[in-house]
Engineer: 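Shown below is the structure under consideration.
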Amino acid sequence: QVQLVESGGGLVQPGGSLRLSCAASGVTFSLYSLAWFRQAPGQEREFVAAVNWNGVSTDYADSVKGRFTISRDNAKSTVYLQMNSLKSEDTAVYFCAAKARSSFSRNGYEYNYWGQGTQVTVSS
């Protein structure tokens, strides 16, 4: 049984930082590309960042480029999202997702497994 479990969300002030983690089980982690998506209330899910199987290649949405960093630790079967300089518009539920094969994608429909999400709220 495949499980992705996110953690690290919470309430932070604008300009602050958070690090999200997503721990996987039930999969051969290194065979999957990983991504983070987010969904704000009343909005569609959107791509945030992705990383390929070995962590060498990454992709970011323009809205987070230069502020967020995605990384992975295959030994721990965990993917991370370091979020700096947070803005109110970053408020959303953040989901991690896993995609079989090495190439990542910005299209959520290509991802095989999803976590339950973790809430990030940026507010003063």
Side-chain angles (χ1 to χ4, degrees):
Q1 180 180 358
V2 178
Q3 279 194 316
L4 299 177
V5 180
E6 301 97 334
S7 61
L11 174 64
V12 63
Q13 292 186 344
S17 297
L18 280 176
R19 189 175 84 152
L20 305 183
S21 300
C22 174
S25 60
V27 293
T28 304
F29 190 72
S30 61
L31 296 181
Y32 287 78
S33 293
L34 281 300
W36 289 93
F37 291 79
R38 67 187 181 186
Q39 187 168 21
Q43 298 187 21
E44 294 188 352
R45 181 182 63 198
E46 66 172 350
F47 169 80
V48 176
V51 60
N52 76 328
W53 70 277
N54 62 2
V56 171
S57 296
T58 57
D59 187 27
Y60 296 93
D62 288 345
S63 59
V64 307
K65 198 172 295 183
R67 300 188 298 123
F68 290 10
T69 302
I70 189 171
S71 61
R72 65 188 294 164
D73 185 338
N74 286 348
K76 296 182 178 180
S77 296
T78 301
V79 61
Y80 305 97
L81 185 68
Q82 177 67 44
M83 305 186 295
N84 298 329
S85 302
L86 282 161
K87 306 174 181 180
S88 58
E89 51 263 44
D90 295 318
T91 295
V93 177
Y94 283 70
F95 300 89
C96 69
K99 177 181 178 292
R101 301 180 184 173
S102 60
S103 60
F104 48 66
S105 170
R106 293 189 173 199
N107 185 346
Y109 294 103
E110 296 187 29
Y111 286 79
N112 306 96
Y113 303 107
W114 291 81
Q116 82 290 347
T118 186
Q119 176 70 47
V120 171
T121 302
V122 184
S123 175
S124 56

Engineer: Can a donor-acceptor pair be found, under 3.5 Å and without considering hydrogens, that links the side chain of Asn54 to the backbone of Asn74?
Structural biologist: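 No; zero donor-acceptor contacts below 3.5 Å.
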Engineer: Looking at every non-hydrogen atom in both residues, tell me the closest pair between Tyr113 and Val27 and how far apart they are.
Structural biologist: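 Where Tyr113 meets Val27 most closely, the heavy atoms are CE1-CG1, 4.3 Å.
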Engineer: Locate the shortest heavy-atom distance separating Val120 from Gly9; write the atom from each residue and the value.
Structural biologist: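 What the structure gives for the nearest pair is CG2-CA, 4.2 Å.
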Engineer: I'd like to check Phe29 versus Leu34 (side-chain heavy atoms, cut-off strictly below 4.5 Å). Are they in contact?
Structural biologist: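 Side-chain contact under 4.5 Å: yes.
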Engineer: Can you name the closest pair of heavy atoms from Lys99 and Ser105 and give their distance?
Structural biologist: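 Taking every non-hydrogen atom into account, CE-CB, 4.0 Å.
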Engineer: Side-chain donor-acceptor pair under 3.5 Å between Asn52 and Ser33, yes or no?
Structural biologist: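 Side-chain D/A pair, Asn52 to Ser33: absent.
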Engineer: Between Arg19 (side chain only) and Gly8 (backbone N and O only), is there a donor and an acceptor less than 3.5 Å apart?
Structural biologist: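 No: the side chain of Arg19 does not pair with the backbone of Gly8.
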Engineer: Would one find more than 12 heavy atoms of other residues, nucleotides or ligands at under 6.0 Å from atom CD of Glu44?
Structural biologist: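 12 or below, so no.
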Engineer: Between Asn112 (side chain) and Ala100 (backbone), is there a donor-acceptor pair under 3.5 Å?
Structural biologist: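 Here the side-chain-to-backbone pair exists.
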Engineer: Starting at CZ of Phe104, measure out to CD1 of Ile70 and round the result to the nearest 0.5 Å.
Structural biologist: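 So the gap between those two atoms works out to 9.0 Å.
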Engineer: Give me the atom names and distance for the closest heavy-atom approach of Arg72 to Gly55.
Structural biologist: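 Distance-wise, the nearest heavy atoms are CD-N, 3.8 Å.
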Engineer: Between Arg106 and Tyr60, is there a donor-acceptor pair closer than 3.5 Å when you use the side chain of the first and the backbone of the second?
Structural biologist: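 Between the backbone of Tyr60 and the side chain of Arg106 there is a qualifying donor-acceptor contact (under 3.5 Å).
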Engineer: Between side-chain atoms of residues 35-42 and protein atoms elsewhere (two or more places apart, or another chain), which donor-acceptor pairs fall under 3.5 Å?
Structural biologist:
{"from": "Trp36", "atom 1": "NE1", "to": "Tyr80", "atom 2": "O", "distance (Å)": "3.4"}
{"from": "Arg38", "atom 1": "NE", "to": "Glu46", "atom 2": "OE2", "distance (Å)": "2.5"}
{"from": "Arg38", "atom 1": "NH1", "to": "Asp90", "atom 2": "OD1", "distance (Å)": "2.9"}
{"from": "Arg38", "atom 1": "NH1", "to": "Tyr94", "atom 2": "OH", "distance (Å)": "2.9"}
{"from": "Arg38", "atom 1": "NH2", "to": "Glu46", "atom 2": "OE2", "distance (Å)": "3.1"}
{"from": "Gln39", "atom 1": "NE2", "to": "Gln43", "atom 2": "O", "distance (Å)": "3.0"}

Engineer: Indicate yes or no for a side-chain donor-acceptor contact from Thr91 to the backbone of Val122 under 3.5 Å, with no hydrogens or angles considered.
Structural biologist: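 Looks like yes, one N/O pair under 3.5 Å.
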Engineer: Supply the atom-to-atom distance Leu86 CG to Ser17 OG, rounded to the nearest 0.5 angstrom.
Structural biologist: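 OG of Ser17 is found 6.0 Å from CG of Leu86.
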Engineer: Do you know the tightest heavy-atom contact between Leu81 and Ala49?
Structural biologist: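 Closest heavy-atom pair between Leu81 and Ala49: CD1-CB, 4.2 Å.
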Engineer: Quick one: SG on Cys96 to CD on Glu6, what's the gap to the nearest 0.5 Å?
Structural biologist: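 Answer for the SG-CD pair, Cys96 versus Glu6, is 4.0 Å.
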Engineer: Please determine whether side chain to side chain contact (heavy atoms under 4.5 Å, CB included) holds for the pair Leu11 and Ser123, giving the CA-CA distance in whole Å, both sets of side-chain angles, and the decisive distance to 0.1 Å.
Structural biologist: CA-CA 7 Å; Leu11 174 64; Ser123 175; 4.2 Å; yes
Engineer: Linking I/L/V/M/F/W/Y whenever their side-chain heavy atoms sit closer than 4.5 Å, directly or via other members, would Tyr32 and Val2 fall into one cluster?
Structural biologist: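 Shared cluster, yes.
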Engineer: Drop me the distance from Thr78's OG1 to Leu20's CG, to the nearest 0.5 angstrom.
Structural biologist: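 Separation between the atoms: 12.5 Å.
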